[in-house]
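Count residues from 1 along the sequence. Order of listing sets the numbers, starting from 1, for every ligand and every atom in it.
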Amino acid sequence: MEETLDPADWEHLRSLGHRMVDDMMDHLRSVATRPAWQPVPPAARERLCEPLPLCESDPHAVYECFRRDVLPYGNGNTHPRFWGWVQGTGTPLGMLADMLAAGMNPHMAGFEQSAVLVEAQVIEWLRELTGMPAGTSGLLLGGGSMANLIGLAVARHAGAGFDVRADGLREQPQLIAYGSAETHSWAHKAMELLGLGHRALRNVAVDAEFRMSLPALARAIASDRAAGRRPLAVIATCGTVNTGAVDELCAIAELCRAERLWLHVDGAFGALAAWSPRHADRVVGLGLADSVAFDLHKWMYLPFEVACVLVRNAELHRAAFALQPSYLAPVGRGVAATPLRFADLGYDLTRGFRALKVWMSLKAHGARRIGRVIGQNIDQAEYLAERVRTTGALELSAPPSLCVVCFRYRGAAARTDDELDRLNEELLLRIQERGIAVPSSTRIGGRFALRVAITNHRTRRADLDALVAAVLAIGAELERA
Ligand SMILES: *Cc1c(COP(=O)(O)O)cnc(C)c1O
């Protein structure tokens, strides 16, 4: 008796599929009526530690386990009052597209197939939205960390001055990269993974608005050159994770040109501000990058995981990764008629069809509507910042930028900074644990701050009013304690 994993009874599974779609639509539609976050209760936690299932169960029963123990206890990021870290919410259409992508299940190394044309089309649209020139090359990846890594890997290959693919890294001269002290931790890990070492990543000082200081950058480059090291790349950030600051991209691009350095821009969320015509001026210079990485699962709101890297010089992009073993060589006609277009642009060979949700969402919503919602988030961040400024008991911890607002509760009584740190930390935990909202936290100038990053298409101003009210109420409650 031969077996398959297709259902014995297709109608049985079909009915489950219909139910799943109905349930998830209801779930998403009613997300605002539930707590912004709730912890996994002990009973569910226990059931999620079970022995390896060796025998079959009815998929309907398995689905019930999902509904009971998994679905209610996510980290909250689909909720309108989730603003922690920088996470996206996902969209109902994106969810359906992911289902179609898994159903069609094309292998996205390349090959002669429609899905490859869809990803190529998506890259081309994203290039246009980012302001990179025609001929730019690109790839979709699982996240900003991977997309940034690819950009830096191309920079390393292009700028090492020797064949780093063939010979590996040499002791001398040491290759150096520069990022501001506000650079996201991906860069630290990427330097390690690329063999450059994180000590070769210079943490350039920032100005009062948390942007990379150009004089400090120029000094760091000069001092490395004087010491016989080889400056390789500048990592500019368009939208820092702490405060949303945007480095001065045009000026940095000019400096990179003069110094013959690769300019990589980490635009994980900030690059998407270019999609809002009212705010595009805040990220000008994006298109001057040699490579730029950005997420689509953050500020394009798509379900995880999808990000993009764009590389201005398509030849250099390919040169850093292309490889053709005999079993992957093109063979003239048929499925493998063309070289593997995507596997030659990154490390992954097997890749999924994440392009489909990007393609369907851009077609269905249009870039204008998505850009309007991005702009709406920036307006909401400005609204929150204004409420903080005009509320005596609150104060901004850093200048707000793009969708990020960092602030803290001050209260009326005089308190030391240490006391305020403790009070605000407890305040944040109560807001999360009571399921009111999910801001996250950071330290600005060493001081604890509540951090709100609005990459959420479900947020309304009333949600931010609710946050302010909760911060004031819990702050007063802690002051009384
Ligand atoms: C989120 C983020 C990253 C990392 O992206 P992932 O998609 O989480 O891998 C890198 N840089 C910045 C500025 C980010 O906000």
Side-chain angles (χ1 to χ4, degrees), residues 75 77 82-90 94 126 130 139-153 177-194 198 201 203-204 206 209-212 233-247 249 252 263-274 282-283 286 289 291-310 346-348 352 354 357-358 374 377-378 381 398 400-406 438-442 444 451-456:
N75 71 343
N77 60 313
F82 186 99
W83 309 296
W85 306 276
V86 191
Q87 302 185 9
T89 44
L126 296 173
T130 311
L139 184 71
L140 297 183
L141 292 129
S145 302
M146 285 306 296
N148 278 305
L149 173 71
I150 296 296
L152 197 57
Y178 304 81
S180 87
E182 294 292 307
T183 305
H184 188 280
S185 59
W186 73 265
H188 186 104
K189 287 165 106 174
M191 292 294 285
E192 294 171 355
L193 198 57
L194 292 171
H198 66 247
L201 174 64
N203 288 313
V204 179
V206 292
E209 294 185 33
F210 297 92
R211 296 174 304 188
M212 179 149 54
V234 175
I235 299 167
T237 303
C238 176
T240 60
V241 63
N242 271 333
T243 69
V246 179
D247 285 340
L249 303 176
I252 295 173
L263 172 58
H264 175 76
V265 176
D266 171 11
F269 63 95
L272 282 278
R282 302 189 190 188
V283 297
L286 259 185
S291 53
V292 54
F294 49 92
D295 276 305
L296 301 171
H297 59 210
K298 286 179 176 171
W299 223 356
M300 193 185 158
Y301 316 105
L302 289 178
F304 304 126
E305 311 154 337
V306 60
C308 177
V309 65
L310 298 173
Y347 185 72
D348 291 316
R354 51 173 64 100
K357 59 190 163 195
V358 190
I374 291 169
N377 283 161
I378 298 177
S401 178
L402 300 181
C403 58
V404 183
V405 182
C406 293
V438 184
S440 59
S441 65
T442 190
I444 310 278
R451 182 175 156 291
V452 169
I454 313 173
T455 49
N456 188 326

Handout entry: For H297, the ligand 1 atoms whose distance to one of its heavy atoms is below 4.0 Å
Key = 7 (O)
Fill in the blank from the handout: Within 4.0 Å of some non-hydrogen atom of F269, the atoms of ligand 1 are 15 (O)
Practice task
Find all atoms of ligand 1 within a distance of less than 4.0 Å from any non-hydrogen atom belonging to K298, and give their numbers and elements.
Solution key: 1 (C), 2 (C), 3 (C), 4 (C), 5 (O), 14 (C), 15 (O)
Practice task
For G239, counting its heavy atoms only, list the atoms of ligand 1 lying under 4.0 Å from any of them.
Solution key: 13 (C)
Practice task
Taking only heavy atoms of G144 into account, list the atoms of ligand 1 that are under 4.0 Å away from them.
Solution key: 5 (O), 6 (P), 7 (O), 9 (O)
Practice task
May I ask you to identify, for E305, whether its side chain, its backbone, both or neither come under 4.0 Å of ligand 1 on a heavy-atom basis?
Solution key: neither
Handout entry: Min heavy-atom dist M146 to ligand 1 below 4.0 Å
Key = no
Completion exercise
Nearest heavy atom to atom 11 (N) of ligand 1, choosing from D295, D266, V306, belongs to D266
Fill in the blank from the handout: A268 heavy atoms within 4.0 Å reach ligand 1 at atoms 2 (C), 3 (C), 10 (C), 11 (N), 12 (C), 13 (C), 14 (C), 15 (O)
Exercise for the section: Using a strict cut-off of 4.0 Å, indicate which atoms of ligand 1 neighbour a heavy atom of W186. Expected result: 10 (C), 11 (N)
Problem - Region of S145 that comes within reach of ligand 1 [heavy atoms, distance under 4.0 Å] - result: both
Exercise for the section: Report yes if T237 has an N/O atom closer than 3.5 Å to an N/O atom of ligand 1; otherwise report no. Expected result: no
